[in-house]
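Excluded from the calculations below are hydrogen atoms, water molecules and symmetry mates; all remaining heavy atoms, backbone and side chain alike, are included. By convention in this document, chain letters (A, B, ...) are assigned in the order of the sequence lines, proteins followed by strands, and residues within each chain are numbered from 1.
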Amino acid sequence: MDKIYNNKNVEEKIYKKWGDKGFFKPEERFGSKKKFSIILPPPNANAPLHFGHAMYVTEDILVRFHRMKGHKTLWLPGADHAGFETQFVYEKKLQEAGESRFDYKREELYKMIWDYVQENRKGMENQLKRLGFSLDWERRKFTLDEDITKIVYQTFKNLYDDRLLYRQKRLVNYCTFDGTSFSDLEVIYEERKNPLFYIKYGPLVLATTRPETKFGDTAVAVNPEDKRYQKYIGKEIEIETVLGKAKIKVVADKMVDPSFGTGAVKITPAHDFDDFEVAQRHNLPMVAVIGFDGKMNKKAGKFEGLYVRQARKAVVEEMQKKGLIEKIDENYVHRIGVCYKCKNPIEPLPMEQWFVKMQPLAKKAIDTVKKGDIKIHPKSFEKLYFQFLENIHDWNISRQLVWGIRIPAFKCEKCGEWEVTEGELREKCGKCSGKMVQDTDTFDTWFSSGQWPYATLKTTDSLEFYPTSVMETGYDILRWWVARMVMLGIYIQEKEGIKDVKQQVPFENVVLHGLVNDPLGKKMSKSKGNVINPLELVDQYGADAVRFALVYGTALGNDQSLSYPKLQAMRNFTNKLWNMARFIEFQGNERTFKTSELSIKEMQILSKKHGDEDIWKSDREMVQKIEEITSEVTRLLEKYDFNHAAQNLYDFTWHEFADIYIEESKRTLNNNDASGKDTFEVLSSSFLILLKLIHPFMPFVTEEIYDVLYGGEEDLIVSKWPSL
RNA sequence: GCACGCAUAGCUCAGCGGUAGAGCGCUUCGUUCACAUCGAAGAAGUCUCAGGUUCGAAUCCUGAUGCGUGCACCA
């Protein structure tokens with residue numbers, strides 16, 4: 001053995017061996033009948049993994065732990081097409097080449113992105129392998145695989161038939177820069193400074209940040225309690241506008257806050273979510289003045305064709321000329337919805353889209369966690385889960401993108417009738433024989449990934465693993481993904497005729513890890529340029545050290561900052577293990593002792609042989625301690641306490657086993673008699689137990705040591721987890 | 001605005017009702033005999049602040065301050 005552990009000589013060789021021997025495939029061992037399964041949260045196929053993905057190491061730890069316990073264990077890998085994210089990235093690439101998506105036909109663009117994604121996917125999968133993840137690659141899935149999309153179509157159709165899906169013209173969050181609508185979750189809110197204009201509306205003055213939408217006003221609203229405006233309620237007032245005189249109705253609605261501005265609000269149902277609701281209550285017409293291109297339409301008269309921002313400026317100038325602006329508060333700060341990707345303001349626009357009715361689905365998802373059929377770890381995240389589901393809005397699943405699963409809905413050009421299919425094409429209208437045209441939109445990515453556990457298991461003939469044991473992911477996508485998987489998972493199983501709620505849920509446990517920030521505690525992001533590729537660190541410190549550093553010293557669900565000193569310490573730990581092995585190898589060779597593989601029980605029996613002889617004190621103690629650490633680590637792993645399991649192993653290995661026991665053992669070994677041989681048996685056997693306990697955390701170095709020291713045909717990855 | 005989380009040794013973080021912990025850093029000493037990516041010894045903290053509950057609080061409760069995050073319709 002080399003004096004220093006060199007991960008580069010080991011990792012690739014060992015990973016290949018595991019794969020060649022088929023150890024990643026589910027298999028019953030040691031007579032156990034239990035099953036254990038995890039579906040890997042499918043990383044986006046559009047880019048290399050970032051460092052946060054390395055947190056999936058907790059899944060590998062669980063998977064290896066259960067595999068060693070003999071459970072039939074499956075860890076299924078996959079990749080997500082990440083609709084909008086990917087198209088966004090790809091469009092950026094096109095832009096750099098001086099092109100745009102409009103230079104290509106739909107099919108061409110799709111094909112180009114497809115090739116791009118396949119290339120990236122390979123790199124991403126290689127990263128997962130380098131981290132030592134024991135994934136069953138034969139079952140790998142992609143969200144755009146044909147058999148997966150078939151299931152997605154089916155669910156869509158079922159929702160439609162069950163009237164949980166409807167198409168309606170409603171206000172949607174639309175980004176006019178990226179040309180697509182978004183769900184509520186995808187809109188982020190930012191503080192922006194925008195002037196607040198006090199504009200004259202006939203006898204009234206009202207405050208607005210969006211004077212350019214006034215062409216779409218269909219009412220003015222005041223609070224029903226507001227004494228100042230009582231005389232106008234229900235009446236029409238005559239107003240002077242930049243486009244001439246007009247009349248407008250005054251309505252009373254409790255949504256108006258009398259203390260804001262002047263207490264009177266212009267109602268623009270087509271471009272504001274609140275106003276839209278007021279309009280519903282008061283039966284007001286909806287007049288759109290902004291188009292999907294972000295420009296004013298003909299309703300805006302001479303301002304037609306101007307972008308919103310330009311129109312605002314022009315309208316205000318015109319109004320000022322006509323004396324219609326009373327004052328302007330230039331320092332007004334408010335929060336507005338912006339596109340999470342390009343950060344431009346979200347434009348609420350009226351648009352026909354497919355919506356999923358969430359309340360019935362959400363209710364079941366809430367109940368199942370309340371009843372404990374799904375457990376969330378750490379428990380504190382339950383609140384976030386409930387908060388989201390209890391206030392959920394209907395889910396807009398239409399996206400105006402090319403990259404994704406095209407919605408299998410067809411509209412008759414003649415009679416306007418919609419037909420939803422399970423993916424097959426429709427050319428003729430069933431009602432009037434008119435020509436059918438397919439919806440050009442694709443599904444929100446989360447609509448397909450929300451069906452991931454069922455879809456992946458079904459299409460790999462692995463439904464025996466449904467529901468999976470654990471869903472492990474970052475808490476940041478609890479609402480985006482986990483909650484939706486619960487809702488859709490239950491729904492799908494209901495449709496499959498499964499009655500037992502315990503069988504409907506997609507997983508039994510949700511385990512949430514925190515985020516990994518950069519060494520300065522800042523969130524890693526491409527725009528900040530502080531993203532770290534996990535492979536850089538794997539090269540530098542070894543996969544085992546990287547893995548151990550991620551779980552050591554951070555409580556489950558807490559964020560952590562990448563720490564180079566910690567990585568170094570863990571690299572030293574791998575080397576410590578290596579040298580402990582070297583010591584044992586050397587001692588064995590010196591005395592022609594063979595390493596033994598006694599169980600804890602066998603060591604206890606051996607230990608009795610020496611009664612309370614003083615020279616055997618440390619051996620006796622080690623037998624006792626190795627039993628304690630075994631049950632402690634087992635207990636901690638069963639409750640997902642990776643941090644303490646790792647800390648215990650680290651402390652015990654270094655300070656109990658190496659510093660004390662190995663030092664003590666030298667005395668006995670040097671006796672070179674029967675007691676020395678027995679000590680060597682305990683030394684090598686208890687070290688092997690330690691190797692097994694550490695293996696889920698540091699699979700490479702432990703497997704390599706096992707190979708060198710204990711040899712034979714066996715492999716640590718499928719060895720039996722220690723117990724009494 | 002509402003909610004949640006975090007504030008513990010110089011730094012990064014565990015602990016979460018019973019005499020303050022780890023890693024890194026720091027100080028002193030030690031290399032033929034597994035490992036200097038090492039060993040031995042050591043210094044270092046009114047556990048953010050103010051009240052309260054308790055025989056006893058870093059740990060539970062209330063409030064304050066600071067930082068972070070999530071949610072919300074302020075025109």
Next item on the list: At under 4.0 Å between heavy atoms, which parts of nucleotides 68-75 of chain B does protein reach? Answer with one letter per nucleotide, 5' to 3': B base, S sugar-phosphate only, - none.
Entry: --SSBBBB
Next item on the list: Using a 4.0 Å cut-off on protein heavy atoms (strictly under), produce a 5'-to-3' string for nucleotides 20-36 of chain B with B for base contact, S for backbone-only sugar-phosphate contact, and - for none.
Entry: --SSS---------BBS
Donor-acceptor pair, distance only, cut-off 3.5 Å: does the side chain of [X] make one with the backbone of [Y]?
X: A/Asp544; Y: A/Val701; value: yes
X: A/His50; Y: A/Gly52; value: yes
X: A/Asp2; Y: A/Tyr5; value: no

Next item on the list: Decide, yes or no, whether a salt bridge links A/Glu638 with A/Arg635 under the criterion of side-chain N to carboxylate O below 4.0 Å.
Entry: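 Result for this pair is no, no salt bridge flagged.
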Check: Are any of the side-chain nitrogens in A/Arg210 or A/Glu212 under 4.0 Å away from the carboxylate oxygens of its partner?
Finding: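 Salt bridge present between A/Arg210 and A/Glu212.
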Whole-angstrom distance between [N] and [M], as gauged at atom [atom1]:
N: B/rU48; M: B/rC33; atom1: P; value: 46 Å
N: B/rC4; M: B/rC47; atom1: C1'; value: 23 Å
N: B/rA44; M: B/rC35; atom1: C1'; value: 28 Å
N: B/rU59; M: B/rU8; atom1: P; value: 13 Å
N: B/rG66; M: B/rC60; atom1: P; value: 22 Å
N: B/rA36; M: B/rC24; atom1: P; value: 16 Å
N: B/rC6; M: B/rC38; atom1: C1'; value: 37 Å
N: B/rG39; M: B/rG25; atom1: P; value: 12 Å

Nucleotide forming a Watson-Crick or wobble pair with [N], both distances under 3.5 Å:
N: B/rC35; value: none
N: B/rA44; value: none
N: B/rG68; value: B/rC4
N: B/rU62; value: B/rA50
N: B/rC24; value: B/rG10

Check: Taking the six-membered ring for Trp, is the centroid-to-centroid distance between A/Tyr332 and A/His334 below 6.0 Å?
Finding: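 So the answer is yes for these two rings.
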Next item on the list: Assess the pair A/Phe215 and A/Phe303: is the distance between their ring centroids shorter than 6.0 Å?
Entry: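 Yes, the ring centres sit under 6.0 Å apart.
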Next item on the list: Please say which of A/Trp480, A/Trp395, A/Phe182 ends up in a ring-ring contact (aromatic ring centres under 6.0 Å, His included) with A/Trp446.
Entry: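 Among the candidates, only A/Trp480 passes.
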Separation of [N] [atom2] from [X] [atom1] (nearest whole Å):
X: A/Gln560; N: B/rG5; atom1: CD; atom2: C1'; answer: 16 Å
X: A/Leu567; N: B/rC11; atom1: CG; atom2: C1'; answer: 15 Å
X: A/Leu478; N: B/rG5; atom1: CG; atom2: P; answer: 15 Å

Next item on the list: Would you verify whether the NZ or CZ of A/Lys576 falls within 45 degrees of the ring axis of A/Phe657 while also being under 6.0 Å from that six-membered ring's centre?
Entry: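 No, cation not above the ring by the 6.0 Å, 45° rule.
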Next item on the list: Please work out which of the three classes, parallel, tilted or perpendicular, describes the rings of A/Tyr650 and A/His655, given edges at 30° and 60°.
Entry: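 Correct class here is perpendicular.
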